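Naming convention: chains lettered A, B, ... in sequence-line order (proteins, then strands); numbering from 1 in each chain. Not measured: the values here are computed from a predicted model.
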Amino acid sequence: MNCKQVKKIICEYLGGCLPDSLRKEVELHLVQCSECSAELNSVEDMVSCLRSLSHRSPIDCWPGIRERIQTQQTRWFWPRIAEILLRPAVAAPAFVVMLLLALFLLWPINVNEPPSRRSDPGLDYSRLITVHSRTQQPQVFADPDVILVSAELANSRAVANTDQDR
Amino acid sequence: MGGDTDQAVVERVIGGDIDAFSILVSRYQDRIYSVALNYVGNPEDAIDVTQDAFLKAYTKLRTFDSASAFYTWLYRIAINAAIDFLRKRKSRPAESLDDEKFSEVGYEPASNDPSVDPERVAVRAEQARLLKKAISSLSEKLRTAIILHDVEGLSQEEVAEILKVPVGTVKSRVSRGRFELRNLLRKAMEEAI
């Protein structure tokens, strides 16, 4: 191994990056060569000088950092809320929930709708209800059975009255 | 309070105790400032980068993985903050590393020990000045490895954890960095003569 080769890998040697066989060759050369040995010392000196470039902070950074944290918290509150709400994972379910809520609130439900006629096809419900509506004050249907019975009674009373008039 | 582990302090901050963060700042501000200064080159910008790094750490504290050491995570944030700063500064003219301001907090104070050779101290100070300049000429990867390993004195394993690379890569980068520094230093000294 010659000086040029050793100088080329002297930093790898110092950093412990060389395989054993190569390291031994470099060591053998360094014992014999004062120039390469001086080069090694020079690199070691440079490395120790690098350590002196470490510095301490001239000021306590905490007051400045605290101030910036507080400013950030104030300034970022609403944009942060907006950012959270606009995230797809939040926005998509929120949209679906709002849509369902809107449909539920706006769906046209007619509470005065007559009861089902399929329960007793033998009765003429439409006539009964027409009679009932003439004789009674308009009211909200509560129980279809009660309404039907009321209508039947009203109808029978109407028939009886007609018979009496005759 | 000051004896709490980093993890315990982090949990307190996450729990809403902002002032507990001052413990972490006090513990690590010197190290972060030193890294920042060796990156950006002047004390004012280094203070800004240090504050940026702590602010980022504060806002991302919930993402900190307690399986790793807090300071390695913080170093990583600081390095990214310094790199971001340098990229933004590229549009502005860079300040020279041998600017007067550097000497205000600059080199190791000269020893008062009478046994110390004044000439050697002067040579070392000049070497330090040239080294600072040379470090700024290194590529980002080599510079980071040199600053963390040789300037800050972190072990190869710690640097590997910070940079998320194998230890072998750190060894290689440190060696290449030293080699380039050695050449730059030699060139600068030749020019000075």
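For A:S48 and B:R124, the side-chain atoms include at least one donor-acceptor pair closer than 3.5 Å.
Annotation: maximal heavy-atom pairing with chain A below 4.5 Å, among B:L181, B:T50, B:I32, occurs at B:L181. Chosen from B:R186, B:R182, B:Q156, B:R176, the residue pairing most often with chain A at heavy-atom distances under 4.5 Å is B:R182. Chain B forms the most heavy-atom pairs under 4.5 Å with one residue out of A:C61, A:P63, A:G15, and that residue is A:C61. Considering only heavy-atom pairs separated by less than 4.5 Å from chain A, the leading option among B:I18, B:V174, B:V35 is B:I18. In terms of non-hydrogen atom pairs under 4.5 Å with chain A, the most contact-rich of B:A46, B:A36, B:G153, B:G177 is B:G153. Each of A:C17, A:G16, A:S42, A:C49 has some count of heavy-atom pairs under 4.5 Å with chain B, and the biggest count is that of A:C49.
Tested against A:L101 for a side chain to side chain contact (heavy atoms under 4.5 Å, CB included), the candidates A:L99, A:L103, A:L105 yield a single pass: A:L105. None of B:R143, B:R173, B:R178 except one satisfies the salt bridge (Lys or Arg N to Asp or Glu O under 4.0 Å) rule with B:D150; the exception is B:R178.
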- Task: Please assess A:L53 against B:I135 for the test side chain to side chain contact (heavy atoms under 4.5 Å, CB included), listing each intermediate value before the final yes or no.
- Result: CA-CA 11 Å; A:L53 299 183; B:I135 287 173; 3.6 Å; yes

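With a 4.5 angstrom heavy-atom cutoff, A:R68 touches chain B via backbone and side-chain atoms both. Looking at B:V151, both its backbone and its side chain come within 4.5 Å of chain A, counting heavy atoms on both sides. At a 4.5 Å heavy-atom cutoff, B:N183 makes no contact with chain A through either its backbone or its side chain. When heavy atoms are compared at a cutoff of 4.5 Å, A:I9 does not approach chain B at all. The part of B:Y58 that comes within reach of chain A is its side chain, from C-beta onward, which places non-hydrogen atoms under 4.5 angstrom from that chain. When heavy atoms are compared at a cutoff of 4.5 Å, B:S172 approaches chain A solely by way of its backbone atoms N, CA, C and O.
Between the side chain of B:N42 and the backbone N or O of B:D45, at least one donor-acceptor pair lies under 3.5 Å. Remark: side-chain polar atoms of B:S175 are paired, donor with acceptor, to backbone N or O of B:K171 under 3.5 angstrom. In this structure, A:H29 contributes its side chain and A:M1 its backbone to a donor-acceptor pair below 3.5 Å.
B:R129 has a carboxylate O that lies under 4.0 Å from a charged side-chain N of B:E126, or vice versa, which qualifies the two as a salt bridge.
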